[in-house]
Each structure stands twice: as C-alpha cells, then as structure tokens.
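Written out below as structure tokens is the structure these notes cover.
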Amino acid sequence: MSNSKSIIFKTYKTYGGYYVYDRHTNSVTALSEEEFGELQAVERGELSPEKSKTIVKYQREGMFVPNVIKEIRHPQTDILEHNAKRRLRQLILQVTQQCNLRCEYCAYSGIYEGNRVHSGNRMSFETAKRAIDFYLEHSIDSPSVTISFYGGEPLLEFELIKKCVNYVSKTVEGKEIQFNLTTNGTLLTDERVKFLADHGISISISLDGSKTEHDACRKFPDGRGSFDLVMKNVQDLLRDYPEYGKKSVMFFATVNPYMDLGCVMEYFHANEIIQEQSVVYNTMVEKDLKEEVSYQESFFQIRKYEYMKALFALAGKLDPKYVDSIVKASMEQAKKVKRALHKRIELKPVIHPGGPCMPGVLRLFIRYDGAMFPCERVNENLDYFQIGSIEDGFYLEKMRDILNIGKLTEEECKSCWNLQHCSICSNEIEFHNNKRPGKEEKRKLCREKQRETERELHEQSVLKEFGYRTETEAVQE
C-alpha cells in the first residue's frame, strides 16, 4: 500500500511476471520489471507518487486516482427499513433445539465457546403461526415465499412442520411457495417421506461418506453409529420417489478432522445410489472452538491435489469433469474474482466492505421462543445478534449496526488496499466473551482477508499466464 495514503495499490509478482492491483479501479495490470521496481519504491515511501513516471503513465488510463473515500457506510443502510417492512426473502423457523444424534463436530455439541447446547426447547404452533404471519406481512413485495425448518433435528417436530406447511399453503395466494429443511436422515419414515414428497419439500441429508467415516462422528447418544439407518432410509426414499429424489434431495458431507477425506471422496465417486453431483461438502467451523483440532496430513495433500486440478481446469488444461466437487466452491470463487477484476468497478466516496447482508431480510431466523436473528449461523446466546422478536418487531438500530460492521475499523478501511475485495460478516469476528465484536479482533480478521486476497490475485495472474481467458463465463452466485 502506498504510504502517502492518497494513491492506494498493491504490487506483487509471480514466476512469470510483475503486477499491480489498483484499488480505485479494482483491476490488475501487468508491469515491466522497471515499472514494478518503481512502484515498490512508492509503496516503501522512498518515492512520492507525484515523481513516479509509472503512476503518471497509468493515470492517463484512469488508474491511481487519489483516495476519495469519505465514509465507510453500507449502501443498503437507507433502504434497510423499507426492505424489512416489505421485502423479507426467507423465513427460518427453529422448531426445536433438540436432536436425536450427538455428532462430534456439531455446533451445539458443547465444543464451541459460548454457543448453546442441545435442549428440550421447542416451538409451539402458536409461536410458529405468529412468526409465519409476521414474515408474510413483511414480504409483500417479495415474489415468492421460502420457509425453512431448522433444529436440532427438525423432523423431531414433524407434526408442527405439517401444521406450518398446511397453514402456509392455505394462507398464501398468488406466490410460489418453497419449503426446505436439513435432516440427519434417521427419521425419514414412510409417512414423513410421503408428506415431504407430496408437498415438494426440498431436503438436505447429512451424510459423511462410508459407514466408517460417517459413524466416526454421527452417533446416537448411546454411541451407536447412524449410517445403517440413514442409508436404509435413503435407499427407500430414492426407490419409492425417484423423481422427488432427483429434484429435491441433496446431501451434505461435513469435512472434519475425524474422517479420512480420501475414503469419503472415493465413497461418493463409487456410490451407485447417490449421484455425486448432489453432494455438497461443508467444512467444520473452527471459530470459537474450545480446543484446537488437527487434520490428518492426507487431508491437506488431497485438498492441494484437487485444488491443483481445479486450476488446470480453469486454465483449459483439464476437462472439468475430472475435478472433484470438494473444490467446486474454489472454482466458483476464482470465476467471481475474475469477473470483478474484468469489470473495473471504480470506488465511490461512500462505501462499505463486502460481507454483511441486510440482517434478517435475506434470511430471518426465528428462535423457538420468537426471538429474531439475522440468520441461523449466528450465536443465539449473544444479545448483540438479536434483531427483534415477533412481539416487538425489528430492532432497526441493531440491524443497522450489524450491517455497518466496517465502522469498527473505519479509518483503516479508508486506506486499505483490499477494500474492494474484503468480505467480513460480524459473525466471523471472535467476541472473546465481549458483548459485541471488538476492534482488535476485527483487525486480526482484516489481516487474514488481506492474505486471502493476495493469494487470489496471485492465482488470477498465474491462470492468465497459463491461458485463462473466460472473462464472460457465467458465475454461480
């Protein structure tokens, strides 16, 4: 970053060339070795930008514009209230905090600092109905209705789910209705599956690979593994409702340190029942863990190998069909970065780093007791994240505060070279037993995001050197 804090850029090099990332235009430009050396001198404060011939040269092309950031403020701040009143997108109902399994890595297993654990708390139909009514009243301008059932294990409250589905189906007119839930798969009885299929309810089933890998973590309270029961239920479902299975059923595999990743991938490659494209890999969350976890060395080797294959596919050197879905997200991120750099989006005087969505608007999570939260991923035990209740409505000031998390480090953000690529949600910041995110904790995360962007920029330049030219390729959002 330029020490003058007026012209902000980042230089870097690969084995094949020299580059500069210009913050104002959000673009990367290849440099000569001489130009690169001169810009590095500016970064080190050894040469003023005004005396740099390289800067003067590229300013004619619209680059290296002096810093114009006046305020760190989220662009959606002024429309937050309107959207909260009329444009809610998705409702997530926590129908229970109980689960019939005790998975080793579960967010509610007790291994995370300050997070809730499994309990007998459950949502009544009266609360669910009030939550649905609130959602419908505040989504008048939304083209569709999307409702998710969340736990614990939501199918423990199957009767409640049925009542909710029937109530919504009778109440909503003129809009597409979508229901979905994530389940551990142990409670998919014939009666439940018939109801889910008849109502087109999309389901995501947690399955961590083969019996050995799955049962290593996903156990009943008495220690028995759940694989045999889950697979029996899956086989019955796909046999009895093949079209529903193809259209509305997917599988989540949680990558965790207790599994052999190679065995998991091999299982899904060879499985004749489950289509490999219907498997989505999630990684175990490590933030706020009480004890550090360590993965097998083979885990890192496999990820690096599959990632290398993804890069070869992006560069046109390998057919994408040979790339495992475990690195699909990495490929999509590379395409997204490529597209953003190609657009050359110029900075505005009022801007906010990426990451925060409008709290509760995109995904309104309602706890069993009617308390409202931005989404299902936040810690329900932290008052900071409660953005309202079905009795009181939205707490708009708290929502604006969460949306504008960049205010914590406003001055740093104004002069940060990574401003246009930074993406930080307040849920990523460690609280360390504080009531709200701290400035130092956010700064630490900022540094991590800078390193992440440096890697992505380096990757983009190397890909281009190897022939990656798909600037107009569609990107999955």
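From a predicted model like this one, the values you see are computed outputs, not experimental measurements.
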Determine, step by step, whether Arg451 and Glu454 satisfy the salt bridge (charged side-chain N to carboxylate O under 4.0 Å, His left out) criterion, reporting the C-alpha distance in whole Å, the side-chain angles of both residues, the deciding distance to 0.1 Å, and the verdict.
CA-CA 5 Å; Arg451 289 191 291 270; Glu454 286 186 64; over 6 Å; no
Does any part of the side chain of Ile177, heavy atoms only, come nearer than 4.5 Å to the side chain of Val168, both counted from C-beta?
yes
Residues Thr96 and Asn121: side-chain donor-acceptor under 3.5 angstrom:
no
Tell me whether the count of non-hydrogen atoms from other residues, nucleotides or ligands lying under 6.0 Å of NZ in Lys407 goes above 12.
yes
So for atom NZ, which belongs to Lys290, do other residues, nucleotides or ligands contribute more than 12 heavy atoms lying within a distance under 6.0 Å?
yes
Taking everything shown except Lys175 itself, do over 12 heavy atoms lie less than 6.0 Å from its NZ?
yes
Just by modelled atom types, is the Asp383 backbone N or O under 3.5 Å from a matching donor or acceptor in the Lys398 side chain?
yes
Around atom CD of Glu126, are there more than 12 heavy atoms from other residues, nucleotides or ligands closer than 6.0 Å?
no
Verify, without hydrogens or angle tests, whether Asn256 (side chain) and Thr254 (backbone) share a donor-acceptor contact under 3.5 angstrom.
yes
Do the side chains of Arg303 and Glu306 get nearer than 4.5 Å, heavy atoms only?
no
Side-chain heavy atoms of Lys439 within contact of Thr409, under 4.5 Å:
yes
Is it true that Glu456 and Gln333 share a donor-acceptor pair across their side chains at a distance under 3.5 Å?
yes
Please report the closest heavy-atom contact between Asn427 and Val378, naming both atoms and the distance.
OD1-CA, 3.5 Å
Do the side chain of Arg102 and the main chain of Cys99 share a donor and acceptor less than 3.5 angstrom apart?
yes
If we ignore angles and hydrogens, is there a donor and acceptor under 3.5 Å between the side chains of Gln94 and Glu380?
yes
Would you say Gln98 and Glu157 are linked by a side-chain donor-acceptor pair, where the criterion is simply a distance under 3.5 Å?
no
Nearest atoms (heavy-atom pairs only) where Val249 meets Ser278:
O-CB, 4.2 Å
With a 3.5 Å distance limit and no angle check, can you tell me whether His199 reaches the backbone of Phe195 through a side-chain donor-acceptor pair?
yes
Kindly indicate, with the supporting measurements, whether the criterion side-chain contact (heavy atoms from CB on, under 4.5 Å) is fulfilled by Ile55 and Gln59.
CA-CA 6 Å; Ile55 286 181; Gln59 280 180 333; 3.7 Å; yes
Hydrogens and angles aside, do Gln450 and Glu452 bring a side-chain donor and acceptor to less than 3.5 Å of each other?
no
Pair Glu430-Lys287, side-chain contact (heavy atoms from CB on, under 4.5 Å): steps then yes or no
CA-CA 7 Å; Glu430 294 186 348; Lys287 174 178 155 296; 4.0 Å; yes
Do Leu187 and Arg192 touch side chain to side chain, with heavy atoms closer than 4.5 Å?
yes
Specify the closest pair of heavy atoms between Leu91 and Ala131, including all atoms of both residues, with the distance to one decimal.
CD2-O, 4.0 Å
More than 12 heavy atoms of other residues, nucleotides or ligands under 6.0 Å from NZ of Lys162: is that the case?
yes
Give me the one residue out of Phe385, Tyr150, Tyr135, Phe149 that meets ring pair (Phe, Tyr, Trp, His ring centres under 6.0 Å) with Phe365.
Tyr150
In this structure, are over 12 heavy atoms from other groups packed under 6.0 Å from Gln277 atom CD?
yes
Looking at Glu412 and Lys442, is there a salt bridge between them, counting it only when a charged N and a carboxylate O are closer than 4.0 Å?
no
Relative to Tyr108, does Arg116 satisfy both conditions: NZ or CZ under 6.0 angstrom from the six-membered ring centre, and within 45 degrees of the ring's axis?
yes
Nearest atoms (heavy-atom pairs only) where Tyr368 meets Thr127
O-CG2, 3.6 Å
Among Thr11, Thr453, Asn26, Asn418, find the one that has a side chain to side chain donor-acceptor pair (under 3.5 Å) with Tyr21.
Asn26
Neighbour count above 12 (heavy atom, 6.0 Å) for Arg377 CZ:
no
So Lys85 and Glu81, do their side chains get closer than 4.5 Å, heavy atoms only?
yes
Does Tyr12 offer a backbone N or O that forms a donor-acceptor pair with the side chain of His458 under 3.5 Å?
no
Could you check Ser204 against Asn180 for side chain to side chain donor-acceptor pair (under 3.5 Å), going step by step and ending with a plain yes or no?
CA-CA 8 Å; Ser204 300; Asn180 61 72; over 6 Å; no
For Pro359, which of Pro374, Cys375, Cys425 qualifies under side chain to side chain contact (heavy atoms under 4.5 Å, CB included)?
Pro374
Is there side-chain contact between Glu43 and Phe9, with at least one heavy-atom pair below 4.5 Å?
yes
Exam field: side chain Thr183 to backbone Gly185, donor-acceptor pair closer than 3.5 Å
yes
Can a salt bridge be assigned to the pair Glu391 and Arg130 using a cut-off of 4.0 Å between side-chain N and carboxylate O?
yes
Please check if atom CZ in Arg400 has more than 12 non-hydrogen atoms from other residues, nucleotides or ligands closer than 6.0 Å.
yes
Audit row: Phe158, Thr189, side-chain contact (heavy atoms from CB on, under 4.5 Å) steps and yes/no
CA-CA 11 Å; Phe158 179 61; Thr189 61; over 6 Å; no
Treating Tyr244 as the side-chain partner and Asp198 as the backbone partner, does any N or O pair qualify as donor plus acceptor under 3.5 Å?
no
Backbone of Ile72 reached by a side-chain donor or acceptor of Lys414 within 3.5 Å:
no
Are the side chain of Ser109 and the backbone of Tyr105 linked by a donor-acceptor contact shorter than 3.5 Å?
no
Is there side-chain contact between Val193 and Tyr241, with at least one heavy-atom pair below 4.5 Å?
yes
Going by an N to O cut-off under 4.0 Å, is there a salt bridge joining Glu376 and Arg363?
yes
Contacts of type side-chain hydrogen bond (donor to acceptor under 3.5 Å, both in side chains), residue His74, not counting sequence neighbours
none
Output, in order, the C-alpha distance, side-chain angles, deciding distance and verdict of side-chain contact (heavy atoms from CB on, under 4.5 Å) for Gln420 and Leu347.
CA-CA 8 Å; Gln420 292 227 58; Leu347 277 175; 3.6 Å; yes
Can you tell me if Glu153 and Asn100 form a side-chain donor-acceptor pair at under 3.5 Å?
no
Do the charged groups of Arg122 and Asp369 touch, with an N to O distance under 4.0 Å?
no
Measuring only between side-chain heavy atoms, which start at C-beta, is Glu440 closer than 4.5 Å to Leu445?
no
Thr25 and Asp22 side chains, donor-acceptor separation under 3.5 Å
yes
In sequence, state the C-alpha distance, the side-chain angles, and the governing distance for Phe251 and Tyr281, and then conclude on ring-ring contact (aromatic ring centres under 6.0 Å, His included).
CA-CA 8 Å; Phe251 298 86; Tyr281 289 91; over 10 Å; no
Which pair of heavy atoms, one from Ser415 and one from Arg23, lies closest together, and at what distance?
C-NH1, 3.8 Å
Can you confirm if the aromatic rings of Phe134 and Phe394 lie within a centre distance of less than 6.0 Å?
yes
Taking all non-hydrogen atoms of both residues into account, name the closest pair between Phe431 and Lys435 and its distance.
CE2-O, 3.9 Å
Asp208 (side chain) donor-acceptor with Cys217 (main chain) under 3.5 angstrom
no
